[in-house]
Amino acid sequence: MTGNRPPSSFPMAADLYGDIVPLPHSTWRDHVPGLVVVAAGTLAAAFISDHYGAPLTLMALLIGLALNFLSADKRLATGTAFASRALLRWGIVLVGVRVTFGQIVALGPVALLAVVAIVALTIGSGILIARRLGFSDAFGTLAGGAVAICGASAALALATTLGERRASQAQLTLVLVVISALSALAMVTYPFVAHWLMMSDLKAGFLLGASIHDVAQALGAGYSYSDGAGQIAAIVKLTRVALLAPVLAVVALFLPRGEAGKGQGVPWFVIGFFVMAGINSTGIVPAFATHAAERAAAGLLAAAVTATAIRSPLSQLLEAGPRPMVIVAGATLVAFALSLAAAVLLIG
């Protein structure tokens, strides 16, 4: 993406599309320090998980948050960015080996329609809250869309579609900061809600996949609940990601002022996920290959979650004014409430 590219100080915790300021040209040596830290954190999480039965992704998140102070060290930026971006994408592709089209079909048209409705209503709530607080519809669309679809990447795509005159870089910065913090918070808290309500894997996976902002956190929350919930969360969350293209088209139609959102299609890792699911559905994949791919996916996702937690700009949240935070938080609560209602009443 080009257009209104934000400055390099923007948080990059959830840069799935690579559209939040690319890092300067680097060599493999520049990746080493950050990757060493991520690997150490992930191995520590794996040790705790193996010895105490704790969910791997949850331990990766907690250790990453404990190492969040390292985000100030610029020597680690290249490696942690690679882990939170590239490893996450390939981990998502390999998650497809755990899924079959039978599981996707089992979700049913009701679940698909529920996801579409949740996305639309969440964006609408962002616009309504923004109006009540004196902000423009464009800012409400930016905040609500980031919550509804895929966090920071959706915010960047929407901002470039809206244009600088409708969504300033200062507003975009606030959305990115708050989204990153709230998504990390949701990953920790939402699974506890699902456990408290004693949800089935299907219901919990739908709740977590339909409500959490960023892909890494949604999958992390799902697999911290159970493997079954993680698989459902992946399907539901990637369905939301795939809705980015039509949402951008609608925004460009009703609020046309930008230039860069035109080429944003379905990302390759979403396509890769469904291709792997299709191959797995044929039954031709040997059991040992499936097992190896599942372990690789678990490791890549844990590393991505560790890196994402390290990079999350939690300290910047305190610097943002309360009113823009209210819009993002309000849309977050709406998304959670709608997802919870759909999971309880419509799913399973």
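Residues: numbered from 1 along the sequence shown.
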> For the atom pair CD1 (Ile127) and OG (Ser136), what is the distance rounded to the nearest 0.5 Å?
9.5 Å
> Roughly how far, to the nearest 0.5 Å, is the CG atom of Leu112 from the CD1 atom of Ile235?
12.0 Å
> Which heavy atom in Ala342 sits nearest to a heavy atom in Ala114, and how many Å separate them?
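Of all heavy-atom pairs spanning Ala342 and Ala114, the closest is CB-CB, 4.3 Å.
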> Could you tell me which non-hydrogen atom of Leu94 sits nearest to which non-hydrogen atom of Ala297, and how far apart they are?
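Distance-wise, the nearest heavy atoms are CB-CB, 3.6 Å.
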> I'd like to know if the side chain of Ser339 and the backbone of Phe336 have a donor-acceptor N/O pair within less than 3.5 Å.
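Here the side-chain-to-backbone pair does not exist.
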> Could you go step by step and tell me if Val236 and Val115 meet the side chain to side chain contact (heavy atoms under 4.5 Å, CB included) rule?
CA-CA 7 Å; Val236 174; Val115 170; 3.8 Å; yes
> Where is the tightest heavy-atom contact between Ala194 and Ala204, given as atom of each residue plus distance?
CB-CB, 4.0 Å
> Between the side chain of Thr290 and the main-chain N/O of Pro286, is any donor-acceptor distance below 3.5 Å?
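A pair under 3.5 Å: yes.
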> Do you reckon Ile149 sits in the same ILVMFWY cluster as Leu121, going by side-chain contacts under 4.5 Å, direct or chained?
yes
> To the nearest 0.5 Å, tell me how far Ile310 CD1 sits from Leu76 CG.
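Rounded to the nearest 0.5 Å, the CD1-CG separation comes out at 7.5 Å.
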> Would you check, one step at a time, whether the test side chain to side chain contact (heavy atoms under 4.5 Å, CB included) holds for Val37 with Thr80?
CA-CA 8 Å; Val37 171; Thr80 55; 5.6 Å; no
> Among residues at least two apart in sequence or on other chains, which ones pass ring-ring contact (aromatic ring centres under 6.0 Å, His included) with His291?
none
> Below 4.5 Å, heavy atoms only, C-beta onward: do Ile232 and Asp201 meet side chain to side chain?
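They are not in contact (no side-chain heavy atoms under 4.5 Å apart), so the answer is no.
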> Would you indicate whether the side-chain heavy atoms of Leu207 and Tyr190 approach each other to under 4.5 Å?
no
> Are the side chain of Tyr225 and the backbone N or O of Met199 linked by a donor-acceptor pair below 3.5 Å?
yes
> For a quick test of reading the model, state the closest non-hydrogen atom pair linking Ala148 to Ile123 and the distance between them.
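Scanning both residues, the minimum pair turns out to be CB-CG1, 3.8 Å.
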> Nearest 0.5 Å, please: how far is OG1 in Thr332 from CE in Met325?
11.0 Å
> Do Val147 and Val116 share a hydrophobic cluster, counting only Ile, Leu, Val, Met, Phe, Trp and Tyr and linking them when any side-chain heavy atoms are less than 4.5 Å apart?
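Val147 clusters together with Val116.
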> Determine, step by step, whether Lys237 and Ile212 satisfy the side chain to side chain contact (heavy atoms under 4.5 Å, CB included) criterion, reporting the C-alpha distance in whole Å, the side-chain angles of both residues, the deciding distance to 0.1 Å, and the verdict.
CA-CA 8 Å; Lys237 180 60 191 176; Ile212 297 179; over 6 Å; no
> When clusters are formed by joining ILVMFWY residues with side-chain heavy atoms under 4.5 Å apart, either directly or through shared neighbours, do Trp196 and Val344 land in the same one?
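Yes, same cluster.
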> Return the CG to NZ distance between Leu346 and Lys203, rounded to the nearest 0.5 Å.
8.5 Å
> Quick check on the hydrophobic clustering: are Ile327 and Leu333 connected, directly or via other members, by side-chain heavy-atom contacts under 4.5 Å?
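Shared cluster, no.
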> In Å and rounded to the nearest 0.5 Å, what is the CZ to CD1 distance from Phe206 to Ile347?
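Those atoms lie 4.5 Å apart.
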> Using every non-hydrogen atom in the two residues, find where Val328 and Ala143 come nearest and quote the distance to one decimal.
CG2-CB, 3.9 Å
> What do the steps show when you test Leu340 against Leu197 for side chain to side chain contact (heavy atoms under 4.5 Å, CB included), and what is the final call?
CA-CA 10 Å; Leu340 179 60; Leu197 294 174; 3.6 Å; yes
> Leu345 and Val110: same hydrophobic cluster, using ILVMFWY side-chain contacts below 4.5 Å?
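Yes; tracing contacts between hydrophobic side chains, which count when under 4.5 Å, links both residues.
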> Within the side chain of Ser125, is there an N or O that forms a donor-acceptor pair under 3.5 Å with the backbone of Thr122?
yes
> Mind listing the closest non-hydrogen atom pair of Pro191 and Ala186 along with its distance?
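Result for this residue pair: CD-O, 3.8 Å.
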